[in-house]
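Both counts, for ligands and for their atoms, begin at 1 and track the order of listing.
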Amino acid sequence: MAWGARVSEVRVIDSHTAGEPTRVVVSGGPDLGDGPIAERLRRFASHHDDFRRSVILEPRGSDALVGALLTPPEDPACATGVIFFNNVGCISMCGHGAIGVAVTLAYLEQADVGELRLETSVGVVSVLLHSPNEATIENVPSYRFRSGVAVEVEGVGAVRGDVAWGGNWFFLVDATSIDSLAAISLESAPELTEATRRIKAALARQGVTGRDGVEIDHIELFGPAVSADADSRNFVLCPGEAYDRSPCGTGTSAKIACLAADGELQPGEDWVQESLIGSRFVARYRRGDQGEIIPSIAGEAFVCGDTTLIRNPRDPFRNGIG
Ligand code: PYC
């Protein structure tokens, strides 16, 4: 049809990992050339933002969605390279997203049960697919950067937390240390979102950053578990102000690094992390050759859509709303 000649199509596979959505772009995405994935991520961020917006934002997507653009790996031992992105930009790593990518590759019959490797902008993440819906990722080395950092938060008061790296930068706060905060639950999500937004703003105002001055763009509250067989429940505010429906793979890695630094979790011990919706990841860590903490995160993901997104040049919202 002549009127549709310039319509472009993007095939995406949607899944959710412990309730948190991932949208894997399998075809129709931009060619990012070659070189390290971190370089390709920068190219994607600076030259293809319309594409990111059209895939993630309404009316095709939602603020909670994390995108995963597959790109040929530089390291031939990896099944694919992957660039993660969300409603405001790119993110360096995504734990629930890595599980979603592995389950998507299994759905596409491009991966079998067993081991595969994903090349991300911050390093190689290995994945053990236990079944078409269950995977354990071994994340990049994680560490606590600063502990007991005090910030003055508008409307909340003094808050103390740890700065930790789990593939993204996190500020982790014990929710029970803030009297005014409700328990972590889906019903209290608006209140938790507001409190974590304020904590993030306070960090920026007071110059608290990750290593090399990098912005802390994820805020994690943790508190007691609701299930008797879990260790903790968390709430994670993501960079675009959506909260993670899963326990957040990189956030759980950051938490594991803090527990290890405090001597509260030993290598090989399980840590069951619940999300605010009650979904869970089972985490543990091993020590690398240099003593570094290498977390692994096990969870379930389910494919829930196999879709062609259509971008029509005449559509005023082809690049998303907002
Ligand atoms: O699972 O690491 C994660 C994640 C980051 C942002 C949303 N989910």
Side-chain angles (χ1 to χ4, degrees), residues 14-24 41 52 55-56 61-69 82-104 118 120-127 134-143 164-172 189 192-193 196-197 200 210 214-222 232-258 271-277 279-283 285 294-302:
D14 286 343
S15 62
H16 73 86
T17 306
E20 177 74 351
T22 306
R23 173 165 282 178
V24 179
L41 179 146
R52 175 190 65 76
V55 168
I56 290 292
S62 81
D63 281 355
L65 199 53
V66 171
L69 177 65
V82 54
I83 289 166
F84 293 109
F85 53 101
N86 67 7
N87 54 337
V88 289
C90 290
I91 51 176
S92 43
M93 216 323 255
C94 181
H96 92 266
I99 294 173
V101 168
V103 162
T104 294
L118 305 177
T120 77
S121 67
V122 288
V124 171
V125 170
S126 63
V127 186
E134 296 163 297
T136 300
I137 62 162
E138 189 167 87
N139 197 4
V140 296
S142 300
Y143 59 97
W165 169 257
N168 292 302
W169 281 107
F170 287 82
F171 190 67
L172 299 101
L192 300 171
T193 298
T196 45
R197 278 184 63 235
K200 186 175 165 191
V214 177
E215 182 198 10
I216 299 170
D217 56 2
H218 291 73
I219 310 297
E220 179 166 348
L221 300 172
F222 59 88
S232 168
R233 176 170 278 226
N234 71 11
F235 172 92
V236 176
L237 184 77
C238 298
E241 299 195 348
Y243 59 84
D244 199 329
R245 278 67 172 160
S246 83
C248 190
T250 51
T252 299
S253 300
K255 175 69 182 163
I256 291 288
C258 294
W271 178 264
V272 180
Q273 185 67 61
E274 271 180 352
S275 70
L276 87 163
I277 64 166
S279 60
R280 56 175 59 194
F281 287 154
V282 180
Y285 72 96
I294 305 180
S296 57
I297 309 287
E300 269 189 338
F302 294 88

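Under the rule for a side-chain contact (heavy atoms from CB on, under 4.5 Å), the partners of Ile56 that lie at least two apart in sequence or sit in another chain are Leu65, Phe85, Asn87.
The backbone N or O of Ala18 sits nowhere less than 3.5 Å from a side-chain atom of Ser246 that would complete a donor-acceptor pair. Not a single donor-acceptor pair under 3.5 Å links the side chain of Asn234 to the backbone N or O of Glu220. Of the possible polar contacts, none joining the Ser279 side chain to the Ser275 backbone as a donor-acceptor pair under 3.5 Å is found.
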Can you pull every nitrogen or oxygen pair between ligand 1 and the protein closer than 3.5 angstrom?
{"residue": "ligand 1", "atom": "1 (O)", "partner": "Gly95", "partner atom": "N", "Å": "3.4"}
{"residue": "ligand 1", "atom": "1 (O)", "partner": "His96", "partner atom": "N", "Å": "2.8"}
{"residue": "ligand 1", "atom": "1 (O)", "partner": "His96", "partner atom": "ND1", "Å": "3.4"}
{"residue": "ligand 1", "atom": "1 (O)", "partner": "Gly249", "partner atom": "N", "Å": "2.7"}
{"residue": "ligand 1", "atom": "2 (O)", "partner": "Gly95", "partner atom": "N", "Å": "2.7"}
{"residue": "ligand 1", "atom": "2 (O)", "partner": "Gly249", "partner atom": "N", "Å": "3.4"}
{"residue": "ligand 1", "atom": "2 (O)", "partner": "Thr250", "partner atom": "N", "Å": "2.8"}
{"residue": "ligand 1", "atom": "2 (O)", "partner": "Thr250", "partner atom": "OG1", "Å": "2.7"}
{"residue": "ligand 1", "atom": "8 (N)", "partner": "His96", "partner atom": "ND1", "Å": "2.9"}
{"residue": "ligand 1", "atom": "8 (N)", "partner": "Asp244", "partner atom": "OD2", "Å": "2.8"}

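Side-chain atoms of Ser296 and Glu138 include no donor-acceptor pair closer than 3.5 Å.
Classified by interplanar angle (parallel below 30°, tilted 30° to 60°, perpendicular above 60°), the ring pair Phe170/His218 is tilted.
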